[in-house]
Student: 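Structure in structure tokens, see below.
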Amino acid sequence: MKTDAASERVTLAELADETGTSLSTISKVLNGRTDVSKATRERVERVMRERGYVRRGAGRSESRPELLELVFHGLDPIWSMEIIGGVEAVAKEHGLSVVLTVSGDRHAPDPDWIEGVIRRRPIGVVLVFSELSPEYRERLRARAISYVIVDPAGDPSPDMPSVGSANWSGGLAATRHLIELGHRRIAAVTGPEDMMCSLARLDGYRSAMNSAGLEIDPAWVGYGNFEVGGGRERARELLALPAERRPTAIFAGSDLQALGAIDAARDAGFSVPRDLSIVGYDDITLAPWVSPPLTTVHQPLRRMGEEAARLAIRLSGEQPAATPRMDLATNLVVRESTAPPA
């Protein structure tokens, strides 16, 4: 009977033979070394994929850093801390340290990130992005580095392990609340048009309006950037509409956009909520403390971080039969920024 070590040598030799490279080149590719040409690395990794090669002994039993890597495209001082806190809490439970990396844009990390994470060889990776390219997935799999998308802002591919939240339900609940208060002219300021969560929250708004038999003026729907400035700019446009078309309530696709809308309302001489009701989304830590306290959809960001970290750690030691995906429930938190129309 062959030992595991012998079996691995045979497997590496087969890879070297099929790719026309040496064992040392195969080893360099496996360990993320940069002194291998791109063409050679791609050829080796293609054969590894075709052969279903996964490095043996690459779990926590191997001498490797006890690290969990958390990757953002940018650090927002408010909501990012919620996810970081959740990941750190679970990492601590498992005796792991957290490496925090900032890379790429909101869709995916930069190309140089993959080289760095392969060198660091963490137990697993939690990515706050909407997607991870097939190439990156295969390179991580080949080195037994698990990965999970924690996605408050998108809709990952079905074959991506991920933790998200119920964006459509959140948009529906926010808009229904305003309708139940008696509002009929309700606007929506969602996030970027190319992000799935923006569209899902907007679909929830449309569903609530349609179910109530309320017309949606095209001028009432706007796309922002999930930031204060985007909410302020869109709200100014809405409040500049003629009085008979001006909305009496705004559903903002993020709390930061809601804060921008409140600022725009005050600049225009409107009182919140007497003249204009505003609902946010996220329930950031500032939401209860702004003036007026913000009615918002609670998105469980800390728990999303916790569940993503747990999933990444679990996947580091197993190959599940199906791709794990978890969508956490949202709920409406009613505060003082909403009231019946005057």
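Hydrogens, waters and symmetry mates are skipped; everything else that's a heavy atom, side chains included, is used.
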Student: Hey, are the side chains of Val125 and Val71 touching, using non-hydrogen atoms and a 4.5 Å cut-off?
Tutor: yes
Student: Taking all atoms of both residues into account, what is the closest heavy-atom pair of Ser198 and Thr190, and its distance?
Tutor: O-OG1, 2.8 Å
Student: If every non-hydrogen atom of Asn167 is compared with every non-hydrogen atom of Ala200, which pair is closest and at what distance?
Tutor: CB-CB, 3.7 Å
Student: Identify the two heavy atoms, one from Ile145 and one from Gly124, that lie closest to each other, and give their separation to 0.1 Å.
Tutor: CG2-CA, 4.3 Å
Student: For residues Ser277 and Thr338, is any side-chain donor paired with an opposing acceptor at under 3.5 Å?
Tutor: no
Student: Spell out, yes or no, whether Trp168 and Met304 are grouped together once hydrophobic residues are joined by side-chain heavy atoms under 4.5 Å, including indirect joins.
Tutor: no
Student: For the side chain of Arg185 and the backbone of Pro247, is there at least one donor-acceptor N/O pair under 3.5 Å apart?
Tutor: no
Student: Heavy atoms, side chains only, cut-off 4.5 Å: are Val99 and Leu70 in contact?
Tutor: no
Student: Pairs in or reaching into residues 248-260: which pass salt bridge (charged side-chain N to carboxylate O under 4.0 Å, His left out), with residues at least two apart or in two chains?
Tutor: none
Student: With the side chain counted from C-beta on, respond yes when Phe72 and Leu100 share a heavy-atom pair under 4.5 Å apart, and no when they do not.
Tutor: yes
Student: Can a side-chain donor-acceptor contact be found between Arg141 and Tyr147 if the only test is distance below 3.5 angstrom?
Tutor: yes
Student: Whether the side chain of Ser316 engages the backbone of Ile313 through a donor-acceptor N/O pair (distance < 3.5 Å, no angle test) should be reported.
Tutor: yes
Student: side-chain contact (heavy atoms from CB on, under 4.5 Å) between Ile83 and Val126: does it pass, once the steps are laid out?
Tutor: CA-CA 10 Å; Ile83 294 177; Val126 174; 5.7 Å; no
Student: Are Leu172 and Leu178 linked, directly or through intermediate hydrophobic residues, by side-chain heavy-atom contacts shorter than 4.5 Å (ILVMFWY only)?
Tutor: no
Student: Can you tell me if Ser165 and Gln299 form a side-chain donor-acceptor pair at under 3.5 Å?
Tutor: yes
Student: Would you say the side chains of Glu69 and Thr101 form a donor-acceptor pair under 3.5 Å?
Tutor: yes
Student: Identify whether the distance between the nearest side-chain nitrogen and carboxylate oxygen of Glu138 and Arg143 falls below 4.0 Å.
Tutor: no
Student: Taking it one step at a time, do Ile118 and Tyr136 satisfy side-chain contact (heavy atoms from CB on, under 4.5 Å)?
Tutor: CA-CA 10 Å; Ile118 288 172; Tyr136 291 179; over 6 Å; no
Student: Does Arg201 make a cation-pi contact with Tyr281, if we ask for NZ or CZ under 6.0 Å from the ring centre and within 45° of the axis?
Tutor: yes
Student: Atom CZ in Arg121, atom CG in Leu67: separation rounded to 0.5 Å?
Tutor: 11.0 Å
Student: Please round to the nearest 0.5 Å and tell me the distance separating atom CG of Asp217 and atom CZ of Arg246.
Tutor: 13.0 Å
Student: Are side-chain heavy atoms of Val128 and His73 found at a separation under 4.5 Å?
Tutor: no
Student: Should Ile179 and Leu214 count as side-chain neighbours, where that means a heavy-atom distance under 4.5 Å?
Tutor: yes
Student: Measure from the side-chain N and O atoms of His94 to the backbone N and O of Arg310, and report whether any donor-acceptor pair falls under 3.5 Å.
Tutor: no
Student: Taking the side chain as every heavy atom from C-beta outward, state whether Glu227 and Ser254 have any pair of such atoms under 4.5 Å apart.
Tutor: no
Student: Out of the candidates Arg335, Arg303, Arg302, only one should pair with Asp283 under the salt bridge (charged side-chain N to carboxylate O under 4.0 Å, His left out) rule; please name it.
Tutor: Arg335
Student: Determine, stepwise, if the pair Asp267 / Arg236 fulfils salt bridge (Lys or Arg N to Asp or Glu O under 4.0 Å).
Tutor: CA-CA 9 Å; Asp267 285 348; Arg236 282 175 177 166; 3.6 Å; yes
Student: Indicate the atoms forming the closest heavy-atom contact of Arg176 with Ala208, along with that distance.
Tutor: CG-CB, 3.9 Å
Student: Between Gln257 and Gly280 (side chain of the first, backbone of the second, donor and acceptor by atom type, cut-off under 3.5 Å), is there such a pair?
Tutor: no
Student: Let me check something: do Leu181 and Val333 share a hydrophobic cluster, defined by ILVMFWY side-chain heavy atoms less than 4.5 Å apart, either directly or through other members?
Tutor: no
Student: Does the pair Leu75 and Val102 meet the rule for a side-chain contact (heavy atoms from CB on, under 4.5 Å), with working shown?
Tutor: CA-CA 7 Å; Leu75 290 176; Val102 178; 3.8 Å; yes
Student: Looking at side-chain heavy atoms only, is the closest gap between Val297 and Asp282 below 4.5 Å?
Tutor: no
Student: So, do Thr248 and Phe270 sit near enough that their side-chain heavy atoms are less than 4.5 Å apart?
Tutor: no
Student: For residues Ser291 and Ile262, report the shortest heavy-atom separation together with the two atoms involved.
Tutor: O-CG2, 4.2 Å
Student: I'd like to know if the side chain of Arg274 reaches the main chain of Ala342, judged simply by a donor and an acceptor atom lying under 3.5 Å from each other, with no hydrogens or angles considered.
Tutor: no
